[in-house]
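I have placed the structure first, in the form of structure tokens, so that the comments after it can refer back to it.
Note that the structure is a prediction, hence the values are computed from the model and not measured.
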Amino acid sequence: MTGILNRNGFFMTRHAPSVAELPASIRKHTFDGPGDIGSPTHRSLWLCGIEYGEAPVPAGYELPEGEYPVEVQWDRWTYNRNAFKLISVIEGQNIETAYDYAKKQKIFESRTTGYFQTNLFPFECRTLETWSTDAQLRSGFRDKEDYIRAIREVCFARMHEAVVQRRPRLFLGVGVTHVQDFMQVVFGGEVALERREFQVNGHGKVIYLRPGPIPFAVVSHLSAPSGLNSNEALSRAGHMIREMMEASASGQ
């Protein structure tokens, strides 16, 4: 076996690593991220994306470690801004007051107010299609497909355990192309979902829903041109999710 040591001291193999070769950060990985992960007695709404972006930090946005104020989230990231709008509608609010609602609730900012932001895959990458040299060094994987396979095989079971233990009041996945992955981490396998389709200005949108003890929804991306990128699209999706959660609460 040949390879190189990455900057964290992990051996980066030139073949797909075995489980034993994986860094502890992956072997022990489960959900993490800003906000309040919740518990069975204090259930949180989880927003789960696919992976973190490697966006550069603009001047004036350097944040102290552990701080994630709503104001910065709203100004800096379209993804978070649209997440606030979607969540506000899910919570029965008017989409036009989403910023005020997010500020009041400290969405993803507070560790105690019931909103948690996370991702399926732990290492940052600029886009889903790319795998930078820095990402290779941080993860220990030269090939992104090997990295994705290892996360699915090694981490998803641990992530499923976390979902079962924490019992989010809604698991909201972002990225319909990964609906199978979201099902795996929430339910531990494939389940039947309701697929809803609707159009906004002639553009088709898709949402997947499943009521139950842990209400489950997967929506299109919140910042992509083909995703939930307008107030109308976000509002319509939010109302569908709210109705599904109400059905879950009533036991229907």
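When the side chain to side chain donor-acceptor pair (under 3.5 Å) test is applied to H203, no partner is found at least two apart in sequence or on another chain. Residues satisfying the side chain to side chain contact (heavy atoms under 4.5 Å, CB included) test with D32, not counting sequence neighbours, are H29, Y52. For Y101, the ring pair (Phe, Tyr, Trp, His ring centres under 6.0 Å) test picks out no residue, with sequence neighbours left out. Not counting sequence neighbours, the partners of A162 by the side chain to side chain contact (heavy atoms under 4.5 Å, CB included) test are T30, F31. Every salt bridge (Lys or Arg N to Asp or Glu O under 4.0 Å) that D181 has, sequence neighbours left out, goes to R152. Contacts of Y79 classified as ring pair (Phe, Tyr, Trp, His ring centres under 6.0 Å), with partners at least two apart in sequence or in another chain: H221. Take K104 and apply the side chain to side chain contact (heavy atoms under 4.5 Å, CB included) test, not counting sequence neighbours, and it matches no residue. For the ring pair (Phe, Tyr, Trp, His ring centres under 6.0 Å) test, residues two or more places apart in sequence or in another chain that qualify with F116 are W46. With sequence neighbours left out, the side chain to side chain contact (heavy atoms under 4.5 Å, CB included) criterion links E96 to N94, N231.
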Tabulate below the donor-acceptor pairs under 3.5 Å that side-chain atoms of residues 191-198 make, not counting sequence neighbours, or state none.
residue: E194; atom: OE2; partner: R196; partner atom: NE; Å: 2.6
residue: R195; atom: NE; partner: E197; partner atom: OE2; Å: 2.7
residue: R195; atom: NH1; partner: Y208; partner atom: OH; Å: 2.6
residue: R195; atom: NH2; partner: E197; partner atom: OE2; Å: 3.1

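Listed by first then second residue, pairs satisfying salt bridge (charged side-chain N to carboxylate O under 4.0 Å, His left out) with a partner in residues 213-239 read E232-R236, not counting sequence neighbours. Residue pairs meeting the salt bridge (charged side-chain N to carboxylate O under 4.0 Å, His left out) criterion with at least one partner in residues 155-169, sequence neighbours excluded, are E91-R169.
With 3.5 Å as the limit, one finds a donor-acceptor pair spanning the side chains of Y68 and Q117.
Taking the six-membered ring for Trp and thresholds of 30 and 60 degrees, F121 and F156 have ring planes inclined between 30 and 60 degrees apart.
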